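Input: a single structure, listed below in structure tokens.
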Amino acid sequence: MKKAMDEYSSIQKTALVTPDSNDGVPYTHGSINSLQVIVSIFKCVVGAGSFFLPYGIKQAGIFGGGFGVIIFGIFSMYLNYIIMYSKYKTFPHKPSSYADLCKKRLGNGWGYAMTASIILANLGACSIYIVTFAELLSLAFPQLSFIEYSAIILVGEVLISMLPSFKYLSFTSILGDICLVIAMVAVFVYGFGQNTIKPPGDYPGFIIKTYPYFFASAAFLFVQPSTLFPIANSMKKPKNFNKASTISYCIVTIVNVVFAVIAYMFFGDKTKSIVLENLCPDSTCLYVTIAQIALCIDVFFTYPVILVPATDVIEDHIFEGKVAHWKKIILRTLVNGVVFAVAVGVPNISELLNLISGIALCYNGFIMGPIVYLKTRRDNEYGLSLLLYVSHIAIVIFGFGIGGWTTYLGTCGVINVFTNSTMCPTG
């Protein structure tokens, strides 16, 4: 997500307005080409979430999870297509956000709901990153507790979120890529060196009972429609965006299905929620520690770039006109406190993934995507065939169903954590 927000910041400052040669309407465009779009989207999707996916494969079964990632990737490509189709039909000549699209097509209430959903998704992701960061540090350096590490991380994130501009973090984009490669290579080096991969038939094929946990991991990784808007706004030739997006998602899907399935086959039913936790569980391996620190570095610098856009939206609704930077610092500190409280209160990645995926990501992709698309086609008088209408309503119903299921599991998990019991059944 770092690259997407970097591009968003850039387009707001450097967008050029020139006459469109076709209709004379002023056209706002950015400066990045299709290849840069492919790389930007890849960087948005491939990140810490890739290390949660092997656990999702464990919950779904090797075939249910492996084919599920492929289907999820294809489905996400289509959702991205219809959402961006709606964007370009609604705002063909200026940058816009997902909330702007919902507000324009469906009314102010839907726009506010999308804004709230994006904020929830971003802040929820920040909570997941704190949990991930603290767990990895606890593994690499067990001298401090999870809560102590979480508090230290909070202080660091509060300080870095005080920066007035993302330009000070521009160097972290390449650094983050290097760290992710190091962490993935460590999984393969340890896995092939210490484990024996069994034939696929020796692993559970499909597990329906815990399948929603896979869905939550996959949704956290793939369903990011709101992050596509700033990248699309930055394109030199917007008409090429959907093609570039599809190519990028194909690469993302292949990389993640290969990594997740092989990583799961290394560890089987012992696969943990962060697969790096499976490496050298009974001893300290230098290269594994380096890999854990590398992912921590990526998470540390990803966190503020996810947090600040959410706080910017909150600032726009609280303050009027130009906002003094000290007010932003106070607000960001308070929001960081909320994120910290959630991370410490629900220090379980799978439950947090269920809640965020069920409440926010499902709404953003599977529910609002088809609704906005159908409304856009109707408004533009393209007509709606029965098949088109029924198929997209089916996607919405699926979104409500799977979103409700994962939200229920996440809520039950939270209740069970707080009550230290299993009073709330999860299946």
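Note that the structure is a prediction, hence the values are computed from the model and not measured.
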Heavy-atom donor-acceptor pair, [X] side chain to [Y] backbone, under 3.5 Å:
X    : Y    : value
T271 : K58  : no
S234 : P230 : yes
T406 : G403 : yes
K375 : R105 : yes

Pairing residues for N256 by the side-chain hydrogen bond (donor to acceptor under 3.5 Å, both in side chains) criterion, not counting sequence neighbours =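 Scan of N256 (side-chain hydrogen bond (donor to acceptor under 3.5 Å, both in side chains), adjacent residues dropped) gives S50.
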
Can you name the salt bridge (Lys or Arg N to Asp or Glu O under 4.0 Å) partners of [X], sequence neighbours left out?
X    : value
R377 : none
K103 : none
E148 : none

ask   = Taking the six-membered ring for Trp, are F300 and F133 parallel (under 30°), tilted (30 to 60°) or perpendicular (over 60°)?
value =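 Rings of F300 and F133: perpendicular, as their planes differ by over 60°.
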
key: Note, M84 side chain near S245 side chain (heavy atom, < 4.5 Å)   =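 Heavy-atom side-chain distance check fails, nothing below 4.5 Å.
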
query = Is there a side-chain contact between V252 and F222, using heavy atoms and a 4.5 Å cut-off?
reply =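 Yes - at least one pair of side-chain heavy atoms lies under 4.5 Å apart.
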
message = Tell me whether Y389 at atom OH has more than 12 heavy atoms from other residues, nucleotides or ligands lying less than 6.0 Å away.
response =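 Open: at most 12 neighbouring heavy atoms sit under 6.0 Å from OH of Y389.
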
I want to know whether [X] and [Y] have ring centres closer than 6.0 Å.
X    : Y    : value
F206 : Y211 : yes
F72  : F215 : yes
F259 : F188 : yes

query = Restricting to pairs with a member in residues 64-82, which pass side chain to side chain donor-acceptor pair (under 3.5 Å), not counting sequence neighbours?
reply =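 Counting only pairs at least two positions apart or across chains, the side chain to side chain donor-acceptor pair (under 3.5 Å) contacts touching residues 64-82 are Y78-H392.
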
inquiry  = Run the side-chain contact (heavy atoms from CB on, under 4.5 Å) test against S350 and tell me which residues pass, sequence neighbours left out.
reply    =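 By the side-chain contact (heavy atoms from CB on, under 4.5 Å) rule, S350 matches Y55, Y213, N348.
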
